[in-house]
Protein chains: 2
Amino acid sequence: MSAEKPATKMFIQIVRELRGIIQDEEIPPGGKIPSERVLAERLNVGRSSIREALRSLELLGLIETRRGGGTFVADFNNHQLVEVLAMFILQEEKDIRNVQAARMIIERDAIRIVAEDEALRSLPVWESLLTNVIMNGKIEREDVMREIMIASQNRLVLKIWILLKQYSNEPYKNQSTAEEQPIIKMFLSELMLGHTQKAIVAFEEWAALLHKGRE
Amino acid sequence: MSAEKPATKMFIQIVRELRGIIQDEEIPPGGKIPSERVLAERLNVGRSSIREALRSLELLGLIETRRGGGTFVADFNNHQLVEVLAMFILQEEKDIRNVQAARMIIERDAIRIVAEDEALRSLPVWESLLTNVIMNGKIEREDVMREIMIASQNRLVLKIWILLKQYSNEPYKNQSTAEEQPIIKMFLSELMLGHTQKAIVAFEEWAALLHKGRE
DNA sequence: CGAAAAATGTGGTCAGACCACTTTTGTTTA
DNA sequence: TAAACAAAAGTGGTCTGACCACATTTTTCG
């Protein structure tokens, strides 16, 4: 009949209440949430139910817990979510090429973002990297790309990138070879000039070079 | 076994083990997971710890539970994830933008891949979608993009896309408006013709249109 | 006053107990 | 034999109470 079932699971309900509490009491990121025992009494449920809800939120990276300390509202920027999902989703991906492809998609776009933004492409870091290549002749692709990923200012994408990087597990450790240097220089130069397409072309040549040297 | 200091939280560890079990025993989507009591004994932990892990995965929509029935691995799709994350994060407009941006990066590249491949852009599905737009006038952006993601043949990227989609999915099932239709038609046409740039431009106009209609 | 020590608070984990519900099993019956 | 029914077993849902390990606060004492 119309008898109200607990349509939503208890722990989902608790998640809702929790959000209400955080909101009503204006607990800021980093702020402390009432203890599990207090919450249990306040919401009239068992502590274990409270914990199930809290653990869920923790897995999502929405709260942090410190043993002996308490539970705190997390900084929304560290989603543990990505890692956990990766555990389930990436696991079965044996095909490294897919990972590599995914990574390049992200990298390519980050380059575009940086190149097309006056402020971003003017960051001193590119000049610094370029100088480094010319002077020392050694630089790692990963380091360059990390700077670009960071510059592109999307933490979520950065997170995914780092994750893919771990999974692709490539032997890119090599110092840049003499063959690589002119490409790197061109890449960075075009990037700083805001020539998106040329920068991406150079980027792809660079990638192809490394890839070729491995088979 | 020695007294190991669990660097990672117990319930996270259990999540890992769970993944291993699902993998090793090749439990398919919809398949049944061992009962909580069995798992507790098998992993030598308390049932409550098992439950905390399971509840976390349930919140992520990775498993389903049926009271009295059992626990089952789910098919990644519409589950609490969106709702819960929205509940906590939606206020942070910035994060949503990041998700949306990440999603568009992937979509844009998938379009490129399809458009630049003779065989892919010739798939009958595009003609079918186009017809659908013209005849019924209604089509969802999500459905179109899903076809493109699938066609681009990178399962990993497809999965990431699904994840991001859940994160950012707009609550409204907006049918395509009259305003949208010409853009959709142009998009699909250019795609089929292999005009990558034009297709992407149309794609972005489409996105902008949807985005605009929401503020 | 300041440092050491004790008390308190908090999350982490476990064990056991019911409950409500579903599935399986076993028995009876048409 | 086959269908229908009833009993038993299995499973998730929840609560309680008990320790533990660690962190913070309070008290005590030099």
Using whole Å, what does the distance between atom [atom2] of nucleotide [N] and atom [atom1] of [X] come to?
X	N	atom1	atom2	answer
B:R67	C:dC18	CZ	P	17 Å
B:F72	D:dG10	CZ	P	16 Å
B:E52	D:dG13	CD	C1'	14 Å
A:N44	D:dT14	CG	P	14 Å
A:E58	C:dG11	CD	P	11 Å
A:R47	C:dG12	CZ	C1'	7 Å
A:E41	C:dG9	CD	P	13 Å
A:I50	C:dG12	CD1	C1'	16 Å

Choose from [options] the nucleotide whose nearest atom is closest to any side-chain atom of [X].
X	options	value
A:M10	C:dG12, D:dG12, D:dT14	D:dT14
A:E36	D:dG12, C:dG11, C:dC14	C:dG11
B:S48	D:dC15, C:dA20, C:dC14	C:dC14
A:T71	C:dG11, D:dT11, D:dG12	C:dG11

Item to check | Option passing side-chain contact (heavy atoms from CB on, under 4.5 Å) with B:F11 (candidates B:S48, B:S56, B:S49) | outcome: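 Answer to the side-chain contact (heavy atoms from CB on, under 4.5 Å) test with B:F11 among B:S48, B:S56, B:S49: B:S56.
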Think [X] has a side-chain N or O under 4.0 angstrom from the OP1 or OP2 of [N]?
X	N	value
A:R55	C:dG12	yes
A:R66	C:dG11	no
B:T65	D:dG13	yes

Checklist entry - What nucleic acid atoms does B:G46 come within less than 4.0 Å of, heavy atoms only: base, sugar-phosphate, or nothing? => result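 Contact class for B:G46: sugar-phosphate only.
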Next on the checklist: Considering every strand and a 4.0 Å limit on heavy-atom distances, what is the contact class for A:S35: base, sugar-phosphate, or nothing?
Outcome noted: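 Result for A:S35 = sugar-phosphate.
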Item to check | Closest approach of A:V73 to A:P28 (non-hydrogen atoms, all atoms of both residues) | outcome: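 Shortest heavy-atom separation between A:V73 and A:P28 comes out as CB-O, 3.7 Å.
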Next on the checklist: On a heavy-atom basis, which atom in B:I111 and which in B:A199 lie closest, and how many Å separate them?
Outcome noted: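 Heavy atoms only, the tightest pair is CG2-CB, 4.2 Å.
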Checklist entry - Is any side-chain N of the basic residue among B:E142 and B:R146 closer than 4.0 Å to the acidic one's carboxylate O? => result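 Yes.
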Item to check | Chi angles and distances behind the salt bridge (charged side-chain N to carboxylate O under 4.0 Å, His left out) call for B:E58, B:R55 | outcome: CA-CA 5 Å; B:E58 184 174 0; B:R55 252 16 79 208; 2.7 Å; yes
Next on the checklist: With nearest nucleotide decided by heavy atoms, which residue, B:K32 or B:R51, maps closer to the 5′ end of DNA chain D?
Outcome noted: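 It is B:K32 whose nearest nucleotide is closer to the 5' end.
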Checklist entry - If you find the nucleotide of DNA chain D closest to A:G69 and the one closest to A:V45, which residue's nucleotide is nearer the 5' end? => result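 It is A:V45 whose nearest nucleotide is closer to the 5' end.
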Item to check | Given DNA chain C, 5'-ward residue of the pair B:R37 and B:S49, judged by closest heavy atom | outcome: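 Nearest-nucleotide comparison on DNA chain C picks B:S49.
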